[in-house]
Amino acid sequence: MKIIARNLSRSTTEEQLTEAFTQFAELEYCTLVLDKVTGKSKGFGFVEINDDKKALLAIVKLNGTKLDGKVIRVKKLKINKH
DNA sequence: GTTGAGCGT
């Protein structure tokens, strides 16, 4: 299940995202979107988790929590529209 | 060097 984490701090790193999610599930994929020009964080990233139930749990647990001192917004990505 | 809604190098 793909997950997106928005509203991240610009200083938040990919490993911080990883550690946050790894508390609830094993991450299959994790990336932090970086700006092409500055190379800094765009403030959001994507996470992939195999276990859907754990993924949903991680979303609920991490959504609204503070990461790097900032409240983050975690949601599921576009679900199969087919 | 910065910024604050979002669905990706």
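Below, chains carry the letters A, B, ... as their sequence lines are ordered, and counting in each starts from 1. Only heavy atoms go into these numbers, but all of them, side chains included; no hydrogens, no water, no symmetry mates.
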What one-letter contact string describes nucleotides 3-9 of chain B from 5' to 3', where B marks a base within less than 4.0 Å of any protein heavy atom, S marks contact via sugar-phosphate atoms alone, and - marks no contact?
BBBBBBB
Residues that Lys40(A) engages under salt bridge (charged side-chain N to carboxylate O under 4.0 Å, His left out), provided they are two or more places apart:
none
Are there more than 12 heavy atoms of other residues, nucleotides or ligands under 6.0 Å from atom CD of Glu26(A)?
no
Flag if over 12 foreign heavy atoms under 6.0 Å of NZ, Lys42(A):
yes
Hey, is the main chain of Leu32(A) close enough, under 3.5 Å, to the side chain of Glu14(A) for a donor-acceptor pair?
yes
Donor-acceptor pairs under 3.5 Å, side chain of residues 63-73 of chain A to any protein atom, not counting sequence neighbours: which ones?
residue  : atom : partner  : partner atom : Å
Asn63(A) : OD1  : Val74(A) : N            : 3.1
Thr65(A) : OG1  : Leu62(A) : O            : 2.5
Asp68(A) : OD2  : Ser9(A)  : OG           : 3.1
Asp68(A) : OD2  : Ser11(A) : OG           : 2.6

